[in-house]
Amino acid sequence: MQEELFTSGRNIPNIDPSLQIWHWPISLYLFLGGLAAGILFFAALFYLMGKEKQYPALKKAAVIPPIALSVGLLALVYDLTHPLFTWQLYTTFRIESPMSWGAWVLLITTPLSFLWLFSFYRSTFPKWESKLKLFKKFKFLEKFEKFLITNRTYMAYALIPLSIILGVYTGILLSAFNARPLWNNAILGPLFLTSGLSTGAAAIILLSRNREERHLFSKIDLGLIIVEIALIIHMIMGYYAGSQVQLEAMDLLVGGEFTLMFFGFVILLGLLVPAILEVIELLGFKVPVAVPAALVIIGGLLFRFIMVEAGQLTRYLY
Amino acid sequence: MRYAMVIDTLKCVGCSDCVVACQTENNVPHGYCRDWVTEAVSGSYPNLELELRSERCNHCANPPCVRCCPTGASHVIEGGIVLVTADQCIGCGACIESCPYDARYQHPDGYVDKCTFCHHRLEKGQLPACVSVCPTKCMYFGDLDDPNSEISQLLKNRKYKTLSPEAGTDPHVFYLI
Amino acid sequence: VNLLASNPLLDAAAKKNLAKKLSRTATYCEVCFWKCAAWAYTDEEGDIKKVIGNDDDPHCNGRLCPRGTGGLGMYSDEDRLKTPLIRTTINGEETYREASWEEALDLIAEKFTEIKQKYGPESFALLKHGSPGSHLEHLFKAYGSDTIAEPAYAQCRGPRETGFGLTFGSWVGSPEPTDIRDTKCLVLIGSHIGENMHNTQVQEMSDAIDNGATIITVDPRFSTAASKSSHWLPIKPATDIALLLSWMHVLIEEELYNKKYVEKYAIGFDELKAHVKPFTPEWAYGITTIKPESIRETARLMAAAAPATIIHPGRHVTWYGDDSQRERAIAILNGLLGSWGNRGGFYFKEKISIPKYPHPAYPEPKWGWHEIGEQYPFAEMGNTSEVVKATIPNEDNPYPIKAWMIAGTNLINTLPQREQTLEAINALEFLVVVDTMPMEITGYADVVLPECTYLERYDGIRSATNRHPSIAVRIPAVKPKYNSKPAWWISKQIGDRIGLGDYFNYNDFEEVIEWQLNKMGTSLDEMKKIGVKNFERTSGPLFLEEGQDYEFGTPSGKIEFYSQQLADLGFDPMPVYTHHPQPPQGFYRLNYGRSPMHTFSRTINNPYLSDLKSENTLWVNPKVARILDLKKDQPVWLKNQDGILSAFPIKVRVTERIRWDSVYMYHGFGHNNKKLTRAFGKGASDAELISKIVVDPLMGGTGLRGNFVSILTEDPHKNTKV
Ligand SMILES: Nc1nc2c(c(=O)[nH]1)N[C@H]1C(S)=C(S)[C@@H](COP(=O)(O)OP(=O)(O)OC[C@H]3O[C@@H](n4cnc5c(=O)[nH]c(N)nc54)[C@H](O)[C@@H]3O)O[C@H]1N2
Ligand SMILES: Nc1nc2c(c(=O)[nH]1)N[C@H]1C(S)=C(S)[C@@H](COP(=O)(O)OP(=O)(O)OC[C@H]3O[C@@H](n4cnc5c(=O)[nH]c(N)nc54)[C@H](O)[C@@H]3O)O[C@H]1N2
Ligand code: SF4
Ligand code: SF4
Ligand code: SF4
Ligand code: SF4
Ligand code: SF4
Ligand SMILES: [Mo]
C-alpha cells in the first residue's frame, strides 16, 4: 500500500511545501519576552520579599527587560506583513486570541519595565548618571523618581502577575494552534514560562559580582532546569501517545531534521551540561559561572527557534 | 441560512479549472490561489484507487482562524462565511498558523486572503465562480439549513466525509465519496 | 440572499474589484480545437479580466475547461510576439531584427512571386492548425497551391477517420458524435477523457457517471478515467488489437452481439466470425496480460448495455502504425453492438453550412497534398510528415517543396523525427511563420509575423457537427496588443500584393461575417448579443428508428466488417494482431499524454496555466525507482534507443499509476526557446525523444508510441557545456 499526495494549482509561496509564515523575528520575540518575564519576575519577587539589598545584580538586570521588550516588539512588527495597520491591534481586545493578549500585556508591561528601571537608575548606575547628567538637565525627573520609588511596591505587585502572563503567553501563542501538531499541547505554556524564568535567572547570574547571589540563582536555575527537563519529557510522552500527526511532529524532534539541534544544543548543551556544571559549582568546586549561564541563555534562544521552525513544518494530513 | 459546498470526488477529474476560475474572478495574484486540487493515490499497480478533490477554506463553524485573530479582521458573516477584512488585518499570520487546512495565504499587498465563497456573487444570485465553471459539475453549493436544497439532499443520500474532522473545526465543505 | 448588507466592513480590495464594470464580447476559444463559445469580459480600462463559457453553446454548456478559463493568459502573456521580425546576419551571427509590417509583407509577397516563377505555386506549402489556417488556406488556394497539411491528421485523428470511414462510411469528426451522456456503457481504449479535456466529452462522461453507466477503461496507465471506471484493464502497451479481437470472439461465440442490427445493416459477418474464432480470451491473455475472465466479463457488460454502448474511437490515435486497423477493430465492435445510430451510442451528427463569400474560382494546382501522399491510398488530408519529406532535396522527388508558411503549429514540438524536420527547414528557400508566441518554430523562420490572439480578432464563423447545428462568432474583445495583426488581415495583405485582390474583396473580415450571417437569417448585431445560435435539425432524427432502412456511406451501403476496399488493395480486410517490439533491458516505453491544464506546447508559458503546472514530471513505477534508486523530484535525463538525449532534466514522480515497463510524461513541456520566460527549460519534451515512427500503410499516420528510453541520473550534457 502506497499513499501519495500531490497538489496541483497550489503554489503559494510561504505555504507550500511547508508553512513559513513566521520567521526569526517571532522566535526572537518569544525568547526576549521570556527573558524579560523571568528577570521582572525575580526582581519584583525579591523586592517584595525585601531582599533587594542582598542581591544587587537584580537591580542591574532591570536594564534588560525594557530593552528586550522593545526589541521584541520591533521584531514582531517587523514580521507583520501589513504593519501600517498595527494600530488595529489596539482597537479591540479579543479574549480568545493569544496574539491579542500578548499585544495588550506588552502594552502594559513594557512601560512598566521602563519605570521599574528608572526607579533604580540613579542608585544602581551612578556612573552613567554622572556622564549623562539627566537629572541636571531635566529637573522634573527628581520628582518623578521620588514618586516611582514610593510606589515601587505597587509596581512589583503588578509585575508579578504580568510577568507570569507574559512568560506563559510566549508558550500559549504557539500552543493555541491546534493546526500545528508540534505546538498543540498544554505543556508549552508552563514550559516556556519555566524556560523564560531560567534564562532570566541565568542573566542575573551573568550580571552578578556577588558569590552568594550567584549561588542562590544557580540553585534557582538548577531547579528550573530540572522542572524544564521534566516538562520536555512530558511533552514528548504526550506526542508519543498522540495521533499520527503528533507522532510525525515528534519525529521532527527525535528522529528528523531538528534532532541534532534539539538534543545536542537544547537538551544537552542548554540544559544538562549547565545543570551538571551548576551542581559541581554548588558542591563547592570552581566553575566559571558565566559558562552554564551563557549556555542556558543560548539554549533558550535555540529552543524558541526550533519550536517555531519545526512547528510550522507540522500539519494535518488528510 | 448556512452556506456549504459539496464536492463529488467520484466525478472530479482534477483539472484545476476551479482554481483558474477563482484566480480570474477574484483577481488572485499570479503565484497564489484560494483553492487547489489534491490527488491521493493508494494501492499498488494494478489495484489502485485515486481520489481527486478540489480544496479551499472550509468555512468552519468553529473557526480557529477567527478566534485567534487579534484585530477582528477575520470574522464570520451571515450564512457562516468566514471573511477577512483587508484593512483591519495586520498580517500577523496567526490565522494562517491556526488553519489546519492551510487555506489562507499572505496577499502580496500584506493582508491575509482566502476563499470568500464568492459572497460578492452570491449577493447577485450567482454561484461561486469555481462551482459555476467546473466542467464535471461535481461541485454543489447551497443552504445546509434548507432540508430540500440540493446539497442537503446529496448529503442525505450519499456517503460523504469532511477533511480532518478530528481538528474539531466543523468544516462546511463536504466530499462525496 | 443579501449578505453584503449585513457586512458593512466589506474590505476595500473586494469593493474595488466589484466596482469595476465589466462588459462582455462574444468569442469562441482557440486554446484547443473544441472551439467552445465564450464571453470575454472586459473592464473599463479595456483589459480582459475573465473568459466564461456561453450557456447556449453545445460545445461547452456555459462551462469552459481550465485552458479556456485561463485563455486570457494567451492575451496577457508579456512574452508574446510583438512586431514582425526578419532574419538578418549581424557580425556573422544570425539574428532577428524588428521590421514594419510593410517591409515584412513586401518581402513575403516577393517570395510568393519568386517561388511561383521558379517552381510553380505548388512548391509553396502551408502547414497550419487552428483558426489562422482557414484564412491562409484561402490565400494558398487562390495562389494555386494545395500543398497544405496539418498535424491534426497524420499525428492525430487520421487513422480513426480511415478506420471508421472504411467501416461505417463516415468520419468520426470533431466533436465526436458520441452520445456519452445517455450511454449505459462507455469503453475507453487509451482515450484519457478527464485528462484529455475536450469539453463536452468530459462533461458528458460526468453525466454518465451520475447515470450509473458502466465505464471500462483499457489503458496501461492508471488514468484519471481508469480511476472512475468500474473496470480498468491494465493492458500491456501495443497489444490492444488482440483484446479487441477477443472481445469480438466472445460477443460472437456467446451470441451476445446485436443480431437484428448486424443482419440489417452489416456485411461480412460470416467472414468476421471465422476470422475471430481463434482469438479466444485465453489467446489474448498471453498477449495483453488481461485475464480471460476480465475479457469475458467486460464483453458481457458491453453486450448487456448495447446498443447504448460506446467503444470510443479515441482521438490521438497514431500509436503503433497499425492504427487504422485498430480503429477498424473498434468500429467493428461498435457495429456488432449496434451502437452506431443508436441512443447511448453514436448519434447522426449535423451541422449547418456557412454560405461562401463570393470570390473567383481557385486555379487548379498541378499537384498538391494528395499527390505527395499518394502511397497511402486512404489518406484524406495533407500529411505533415510527407510534406517534410518532399522538402528534403531528392532527385527522384516529383513534388519538390521549396518554401513553407507555418501558422498555428509548433512543428518542432509537434512532429516526430525532429532531425528530419530540421533538415527540411534548412533546405527551404523561404520560411514564414505566423504565430502569437516566440515558440521554437519561430526561431527557424526567415520572417516571423505576430498574429494577435483570438481575443483580439475576428475569425470565421464556427459551425461544427453536433446533435443539432449551431454557429458561434468570434468578435474582438479588445484592440490587438503590441503590433500584432489577425491572420485574415495578413492573408489579405499578401493577396493584395501578389495580384489576388479579387479574392479578398473586403476591407475588414467583419464584412464577410456580416454578409454570411445575413444570408443565414441572422445578423452580426444579433450574434454580438447572443454569441451562439442554435438551429433545428433538418437531416432527420438523431438515431435510427426501429427497422429503419439506412444506407451507410460505404461502397456496399452497409457496415463493412469485411472490407473489400482493403482486400482489393492488398491490405488485411479484417484487423489482425501484429506483435510490436517491447522495450529491451534497461529501457522503458515512452508513454505520453495530456495534462488537463495544458494544450500541447502552446499553453506552457501561459501565466495562468503555468501557475497550475509549470513543468512535467517523469512518472516512474516504484519498482523501477527502487531498481534505479530514484527519488521523488530527483532530476533525471532521458536517452532514447537512437541515443537522443533530452535537452533538459525532468523530475521524477514515483507513482503506482504507471507500469514498470513504461515511463509517462505530459506532452508539450521542455521548451528550448529562451524567449518563453516561464516555459524555457521546464521539464522534458516527449517530442524530441520520438525519433522512431511506424507509418500507417493505409493513411500515412506516424505511430509515435514505439520509442524506448533509458533513465540517466547524471547530466549527460555536463561535458559538452564547457
Ligand atoms: N510528441 C507528441 N507529438 C504530438 C502529440 C503528442 O501527444 N506528443 N500530439 C499530436 C496531436 S494529437 C496534435 S493535434 C498536434 C498538435 O500540434 P500543434 O497544433 O502544433 O500544437 P501546439 O504545440 O499547441 O502548437 C500550436 C502553435 O500555434 C500557436 N498559436 C496558438 N494560438 C494561435 C493563434 O491564434 N494564431 C497563430 N497564428 N498561432 C497560434 C502556438 O503559439 C503554437 O506555436 O500535435 C501532435 N504531435
Ligand atoms: N487538456 C488537454 N486536452 C486535450 C488536448 C490537450 O492538448 N490538452 N488535446 C486534444 C487533442 S488534439 C487530442 S488528439 C486529444 C487526445 O486525447 P486522447 O485521444 O484521449 O489521447 P491518447 O494519446 O490517445 O491517449 C493517451 C492515453 O493513452 C494511453 N496509452 C498509451 N499507450 C497505450 C496503449 O498501447 N494502449 C492503450 N489502450 N492505451 C495506451 C496513455 O497511458 C494515456 O492515458 O486530446 C484533446 N484534449
Ligand atoms: S473544476 Fe471540477 S473537475 Fe476540475 S478539479 Fe475543480 S472540482 Fe475537479
Ligand atoms: S478552513 Fe481554515 S481559514 Fe477556513 S474557516 Fe476553517 S480554519 Fe478558518
Ligand atoms: S493575519 Fe490578519 S486576519 Fe490573520 S490573524 Fe492576523 S490580523 Fe487577523
Ligand atoms: S468559492 Fe469563490 S473564492 Fe472560494 S474557491 Fe470558489 S471561486 Fe474561489
Ligand atoms: S475544450 Fe477548453 S481549451 Fe478547448 S476550446 Fe473548449 S474551453 Fe477552449
Ligand atoms: Mo490532436
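Bear in mind that the values here come from a model prediction, so they are computed numbers and not experimental data. Below, chain A is the first sequence line, B the second, and so on; all start at residue 1.
- Checked by atom type and distance alone, the side chain of A:T199 never pairs as donor or acceptor with a backbone atom of A:G300 at under 3.5 Å.
- Within a 6.0 Å sphere centred on CD of B:E49, heavy atoms belonging to other residues, nucleotides or ligands number 12 at most.
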Working for side-chain contact (heavy atoms from CB on, under 4.5 Å), residues B:Y111 and B:D113 = CA-CA 6 Å; B:Y111 59 90; B:D113 190 38; 4.2 Å; yes
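- Around atom CZ of A:F265, no more than 12 heavy atoms belonging to other residues, nucleotides or ligands sit under 6.0 Å away.
- Scanning both residues, B:H59 and B:T116, for their nearest heavy atoms gives CE1-C, 3.9 Å.
- For B:N47, no part lies near chain A; criterion is any non-hydrogen pair under 4.5 Å.
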Walk me through it: do B:R121 and B:E25 pass the test salt bridge (Lys or Arg N to Asp or Glu O under 4.0 Å)?
-> CA-CA 10 Å; B:R121 288 174 61 94; B:E25 173 69 31; 3.2 Å; yes
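- Contacts from residues 79-87 of chain A to chain B, taken as heavy-atom pairs separated by less than 4.5 Å, involve A:D79, A:L80, A:T81, A:H82, A:P83, A:F85, A:T86 in sequence order.
- The closest side-chain heavy-atom distance from B:E123 to B:H120 is not below 4.5 Å.
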Could you go through residues 252-262 of chain A and list every donor-acceptor pair under 3.5 Å that involves a side-chain atom there, pairing it with any protein atom two or more places apart or in another chain?
unit_1	atom_1	unit_2	atom_2	d
A:T259	OG1	A:L253	O	3.2
A:T259	OG1	A:G255	N	3.1
A:T259	OG1	A:G256	N	2.7
A:T259	OG1	A:G256	O	2.9

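- For a heavy-atom cut-off of 4.5 Å, chain B lies close to A:M99, A:S100 in residues 99-106 of chain A.
- We find the CG-CE distance between B:D35 and B:M5 to be 8.0 Å, quoted to the nearest 0.5 Å.
- Closest approach of A:Q88 and B:D87 over heavy atoms only: NE2-O, 3.0 Å.
- Atom CZ of A:F93 is surrounded by more than 12 heavy atoms from other residues, nucleotides or ligands within 6.0 Å.
- Annotation for A:F263: atom CZ counts as buried by contact number, over 12 foreign heavy atoms lying within 6.0 Å.
- Of the listed residues (B:G168, B:A94, B:C18), the one with the most heavy-atom contacts under 4.5 Å to chain A is B:A94.
- Using cut-offs of 30° and 60° on the angle between ring planes, the pair B:Y32 and B:H107 is parallel.
- The greatest number of non-hydrogen atom pairs below 4.5 Å with chain A, out of B:A73, B:G72, B:P108, is found for B:G72.
- Listed here is the closest heavy atom pair of B:S132 and B:L127: CB-CB, 4.3 Å.
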Kindly indicate, with the supporting measurements, whether the criterion side-chain contact (heavy atoms from CB on, under 4.5 Å) is fulfilled by A:W22 and B:E97.
-> CA-CA 9 Å; A:W22 286 350; B:E97 299 286 8; 3.4 Å; yes
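- Among the residues in residues 179-198 of chain A, those with a non-hydrogen atom closer than 4.5 angstrom to a non-hydrogen atom of chain B are A:A179, A:R180, A:W183.
- With chain B as the partner, the residue from A:N178, A:T91, A:I26, A:L89 showing the most heavy-atom pairs under 4.5 Å is A:L89.
- In this structure, the portion of B:C99 lying under 4.5 Å from any heavy atom of chain A is its backbone and not its side chain.
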